[in-house]
Amino acid sequence: MAKPKTYYSCRQCGYQSSSWLGRCPECGQWNTFDEEVVAPVSTAGRSPRHSTAQDSLPKLLHEVSSSETQRIPTQCAEFDRVLGGGIVPGSLLLIGGEPGIGKSTLLLQTALQLKDMRVLYVSGEESEQQIKMRADRLMDPSAPEPMACNSSLFVVSETSTQRIFEHIEAVKPEMLIVDSIQTVSTDRAQSSAGSVTQIRECAAEFQHYAKESGVPVLLVGHITKDGTLAGPKVMEHIVDAVLQFEGDKNYGYRILRAQKNRFGSTAEIGIFEMLEGGLRQVANPSQFLLSQRDKTLSGAAVAATLEGIRPMFVEVQSLVSSAVYGTPQRNANGFDLRRMNMLLAVLEKRCGFKLGAKDVFLNIAGGMKVSDPATHLAVASSILSSNVDIAIDPTVCFAAELGLSGELRPVRNPMQRVAEADRLGFERIFVSAYDARLLNKKRYHLEVIGVSVIEEVFRKLFA
Ligand code: TYD
Ligand code: MG
């Protein structure tokens with residue numbers, strides 16, 4: 001019998017070495033090497049080599065049937081949208097997110113909604129009773145929209161993949177959910193659950209099962225503090241799609257985003273709201289985010305951003321006040337601080353404001369995080385508005401990037417932003433002069449204002 005192999009691998013990036021190292025030469029992290037022992041494949045129950053030579057013969061491209069595989073709709077439009085129109089049979093999906101963000105809730109909810117489909121929900125984190133309690137909460141008939149009840153949903157609390165495959169033999173599910181990949185372990189690797197080798201080996205076993213049986217497998221994965229999926233990058237190569245579930249835990253909304261998707265676009269996002277009775281879809285995020293506005297005060301400006309390909313209107317708020325202490329304070333929530341400092345420098349130079357001696361605080365309402373450069377103009381306008389203490393008309397919104405010399409630059413998909421602004425009832429939108437020339441202004445009710453430099457915006461807003 002072949003001897004088990006021993007090597008050391010980095011917990012962060014999966015780098016492998018035959019000896020222990022203090023610092024990973026790949027990712028530069030200290031003290032991340034774990035000893036890994038892997039039993040040779042021949043002694044393991046499941047061999048990864050399964051296809052016969054006949055299956056794998058090269059085919060001419062035009063002979064390959066292009067019939068669209070029947071996707072499984074999840075009964076949740078937002079989830080389907082991110083998946084690219086439903087779950088593809090035999091696919092392996094990874095749903096990542098911080099602890100407590102709602103991954104288990106989303107998957108249990110999905111399993112409950114799939115009426116009459118045999119679903120096996122394996123949890124390595126919760127007992128069957130805990131899952132039942134959660135399901136009862138989701139199906140609470142007194143809730144405004146109680147969930148459906150899938151009468152073919154099986155649940156089991158289990159962490160060994162060998163035992164999980166025995167349960168699969170018994171239940172013969174049409175869909176498998178594993179919560180989470182960090183808690184399951186295989187006998188083939190001797191390290192503890194959650195280590196690089198365990199995650200990789202378990203993911204490979206589930207992939208093998210999914211491809212062989214055509215049953216879709218949904219894996220939950222935790223993410224580390226720095227926001228990357230815990231475990232080696234190699235897991236991201238094994239799975240067909242990586243969906244990231246994110247949001248601020250202090251606010252109700254959650255965004256599901258595809259980081260990788262072999263069966264759909266990564267530009268789509270799904271938006272949910274966490275309520276007492278589970279996650280609810282938010283079909284119209286802009287209305288949801290702007291609904292909290294009552295009366296506009298100085299320092300508020302609406303940015304027409306795009307999340308992937310979905311227009312999303314967010315309110316930018318800022319507060320500019322004289323610095324009480326020596327060094328002025330700068331703080332940004334939901335917006336890159338360095339970028340805010342850059343915009344402040346541009347405003348200082350071009351609009352002649354002495355912002356150097358002011359405290360500047362910036363916040364994106366609703367706990368949203370924005371990185372779209374089209375928010376620059378709204379950020380700059382909101383800072384100017386707070387600085388002069390004059391409110392911006394609430395029927396105005398902005399979509400332009402601000403360059404270092406104070407010039408306004410075109411944005412991605414201006415048409416879509418203007419159309420959405422029109423639909424939401426805005427009366428004016430500020431865009432770059434370049435975008436304004438491209439737009440067919442007759443198509444919209446709202447007035448499209450093209451501006452080429454930031455001074456012009458300032459004059460138009462506050463003169
Ligand atoms: P959970 O799905 O357990 O998160 P994860 O699996 O990503 O760790 O959800 C965690 C939070 O969601 C929990 O703190 C409570 C909240 N929650 C609700 O607000 N409403 C609900 O109906 C449910 C089931 C959970
Ligand atoms: Mg969970």
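Ligands are counted one by one from 1 in listed order, and the atoms in each one are counted from 1 as well.
In terms of polar-atom proximity, defined here as any N/O pair under 3.5 Å, Met274 makes no such contact with ligand 1. Residue-to-ligand polar distances keep Glu126 apart from ligand 1: every N/O pair is separated by 3.5 Å or more. Residue Glu276 has at least one N or O atom closer than 3.5 Å to an N or O atom of ligand 1. Where the criterion is an N or O separation shorter than 3.5 Å, residue side chain and backbone included, Leu138 fails it with respect to ligand 1. Below 3.5 Å of separation, one finds no N or O of Pro99 facing any N or O of ligand 1.
Near Gly277, meaning under 4.0 Å from one of its heavy atoms, ligand 1 places the atoms 22 (O).
Under the 4.0 angstrom criterion for non-hydrogen atoms, Leu275 is in contact with ligand 1. Under a 4.0 angstrom heavy-atom cut-off, Gly278 registers as being in contact with ligand 1.
Sorted by chain and number, the protein atoms of type N, O or S within less than 2.8 Å of the Mg ion (ligand 2) are Ser104 OG.
The nearest protein atom to atom 4 (O) of ligand 1, hydrogens excluded, is given as Gly102 N, 3.1 Å; this is a heavy-atom distance. Scanning the protein heavy atoms around atom 10 (C) of ligand 1, the nearest turns out to be Gly100 O, 3.4 Å.
Taking both residues in full, the closest heavy atoms of Asn150 and Asp116 are given as OD1-N, 3.4 Å, listed atom of the first, atom of the second, then distance.
Between the side chains of Thr161 and Glu205, at least one donor N or O lies within less than 3.5 Å of an accepting N or O. No side-chain donor from either of Ser123 and Asp179 sits under 3.5 Å from a side-chain acceptor of the other. There is no side-chain donor-acceptor pair under 3.5 Å between Glu125 and Ser104. Checked by atom type, the side-chain pair Ser298/Asp389 shows a donor-acceptor distance below 3.5 Å. A donor and an acceptor atom, one from each side chain of Ser191 and Glu35, are nowhere located under 3.5 Å apart.
Shown here, atom 15 (C) of ligand 1 is out of close reach of the protein: none of its heavy atoms lies under 4.0 Å off. Within the 4.0 Å cut-off (strictly below), a protein heavy atom is located near atom 23 (C) of ligand 1.
A salt bridge links Arg310 to Glu78: at least one charged side-chain nitrogen sits closer than 4.0 Å to a carboxylate oxygen.
Ring-plane geometry between Phe398 and Phe430 is classed as parallel, the angle between the planes falling under 30 degrees on a 0 to 90 degree scale with a further cut at 60.
Atom CZ of Arg118 is surrounded by more than 12 heavy atoms from other residues, nucleotides or ligands within 6.0 Å.
Residue contacts with ligand 1, taken as heavy atom pairs separated by less than 4.0 Å, involve Lys103 via backbone and side-chain atoms alike.
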